[in-house]
Amino acid sequence: MIRNERQYRITNSQAGNFRNALEQLRGRRVASSNSAEYLRWKTQYDAIRSQLKDLEEDLREYESLQEAGSTTIEIDSFDDLPQALIQARIAAGMTQKHLAEKLGIKEQQIQRYEASDYAGVGLDRIREICDALGITVHSSLSLSQR
Amino acid sequence: MSGVDIPQLRREEAVLFDFSNRRAAQKRRFGGEFFPAQGAVDTVGTVFLEFFQYDKDTGERKGIIAIDLRSLR
């Protein structure tokens with residue numbers, strides 16, 4: 001997942017490089033489809049194409065979040081909360097730096113929170129972040145059958 | 001993958017060659033993904049291992065695991 005403009009620029013450039021690499025590989029296609037050489041070529045081709053797709057999806061997700069403005073993000077599990085917080089920040093048009101300033105902490109701290117999917121971050125800090133982002137939470141907790 | 005017997009590997013673990021659907025089958029079977037570490041990902045020779053090691057925030061290399069398949073024989 002892309003979390004900031006720097007990552008967006010780098011991912012965009014990587015996607016361009018991957019496209020060029022694919023183009024070059026197509027020009028070196030191995031004719032005999034039964035050979036080990038072909039299998040080697042195809043593995044490399046499929047691996048790049050697959051990763052390129054990931055990069056492109058990441059780019060699209062970031063772009064559409066930025067365009068979304070105010071939005072509702074639905075999550076089905078507690079595990080999805082960290083990603084939702086990051087998505088909400090991007091949709092709010094707030095940079096990691098801006099969020100950090102609102103909380104009175106360093107930008108790198110927000111980067112670390114997000115890079116680790118908020119692992120080990122206390123509930124109080126999560127609440128502060130929700131407030132700073134202007135997030136309204138509508139939650140529903142279901143108790144599984146005893 | 002130099003030195004790796006690719007046809008043999010494919011006979012034993014075809015799923016390693018299935019890159020469809022964000023490598024879902026690989027993740028199901030191994031809880032991870034398979035990429036040819038030394039395969040170039042651009043036209044200047046950056047390889048997959050370096051690509052995955054690159055930390056987009058710091059520009060530095062981060063730790064990931066590369067397994068030499070020949071050592072698993």
Side-chain angles (χ1 to χ4, degrees), chain A residues 1-28 30 32-59 62 96-97 107-116, chain B residues 1-64 66-70 73:
Chain A
M1 180 184 188
I2 297 172
R3 298 174 172 90
N4 55 44
E5 282 299 306
R6 177 187 160 97
Q7 292 185 354
Y8 178 82
R9 277 196 307 276
I10 292 170
T11 305
N12 207 12
S13 137
Q14 285 174 333
N17 290 340
F18 272 56
R19 275 185 219 106
N20 292 338
L22 270 187
E23 186 66 40
Q24 200 175 61
L25 268 178
R26 272 195 284 271
R28 290 194 205 142
V30 177
S32 162
S33 62
N34 292 321
S35 64
E37 199 50 38
Y38 172 78
L39 199 50
R40 199 173 286 276
W41 175 87
K42 186 170 176 0
T43 305
Q44 176 65 9
Y45 187 86
D46 288 350
I48 291 184
R49 200 175 54 171
S50 171
Q51 189 58 41
L52 173 59
K53 225 170 163 176
D54 284 13
L55 296 175
E56 287 174 338
E57 280 175 21
D58 287 349
L59 289 166
Y62 187 77
Q96 291 172 319
K97 189 176 179 194
E107 179 184 5
Q108 286 83 354
Q109 189 61 58
I110 295 291
Q111 278 181 4
R112 275 194 290 271
Y113 287 163
E114 294 191 350
S116 68
Chain B
M1 290 194 298
S2 61
V4 176
D5 185 340
I6 299 293
Q8 174 72 18
L9 183 62
R10 188 157 197 259
R11 277 192 294 276
E12 289 184 23
E13 283 296 351
V15 72
L16 294 178
F17 297 82
D18 179 1
F19 290 92
S20 62
N21 196 17
R22 287 196 167 214
R23 284 86 52 203
Q26 296 181 15
K27 289 176 192 169
R28 259 199 313 277
R29 178 150 167 70
F30 296 105
E33 302 165 64
F34 170 79
F35 281 93
Q38 299 306 326
V41 297
D42 57 26
T43 53
V44 294
T46 307
V47 298
F48 264 114
L49 180 62
E50 292 162 330
F51 167 75
F52 286 118
Q53 281 181 322
Y54 186 71
D55 184 321
K56 286 180 189 169
D57 280 321
T58 62
E60 291 171 6
R61 289 176 127 190
K62 61 182 174 187
I64 65 157
I67 299 171
D68 184 348
L69 295 175
R70 289 165 300 185
R73 260 190 208 145

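First the proteins, then the strands, lettered A, B, ... as listed; each starts at 1. No experiment lies behind these values; they were computed from the predicted model shown.
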Worksheet item: So which part of B:T46 gets closer than 4.5 Å to some heavy atom of chain A, the side chain, the backbone, both or neither?
Response: neither
Response to the item:
Among residues 51-59 of chain A, those lying within the under-4.5 Å heavy-atom range of chain B are A:Q51, A:D54, A:L55, A:E57, A:D58
Worksheet item: In Å and rounded to the nearest 0.5 Å, what is the CD1 to OG distance from B:I6 to A:S35?
Response: 11.5 Å
Worksheet entry | Proximity breakdown for A:T11 and chain B, heavy-atom pairs closer than 4.5 Å | both
Worksheet item: How about A:N4 and B:D57: do any of their side-chain heavy atoms sit closer than 4.5 Å?
Response: yes
Item to complete: Check A:T43 against B:F19 and note the closest heavy-atom contact, atom names and distance.
Response: O-CE1, 3.9 Å
Item to complete: For A:K42, look at atom NZ and say whether over 12 heavy atoms of other residues, nucleotides or ligands are found less than 6.0 Å away.
Response: no
Worksheet entry | Between B:T43, B:L16, B:V41, the one whose heavy-atom pairs under 4.5 Å with chain A are most numerous | B:V41
Fill in: Least distance between heavy atoms, A:Q44 atom then B:A40 atom
NE2-O, 2.6 Å
Practice prompt. Side chain from CB out, backbone as N, CA, C, O: work out which of these in A:Q108 comes under 4.5 Å of a heavy atom of chain B, or both, or neither.
Written response: neither
Fill in: Contact list for residues 29-38 of chain B, test salt bridge (charged side-chain N to carboxylate O under 4.0 Å, His left out), sequence neighbours left out
B:E13-B:R29, B:R23-B:E33
Discussion item. I'd like to know whether NZ of B:K62 has more than 12 heavy-atom contacts from other residues, nucleotides or ligands below 6.0 angstrom.
Written reply: yes
Discussion item. If I measure from the heavy atoms of chain B, does A:I48 come under 4.5 Å with its side chain, its backbone, both, or neither?
Written reply: both
Practice prompt. Write down the atom of B:G59, the atom of A:R6, and the distance for their closest heavy-atom approach.
Written response: N-NH2, 3.4 Å
Worksheet entry | chain B contact via A:Q24 - which portion, at a heavy-atom distance below 4.5 Å | side chain
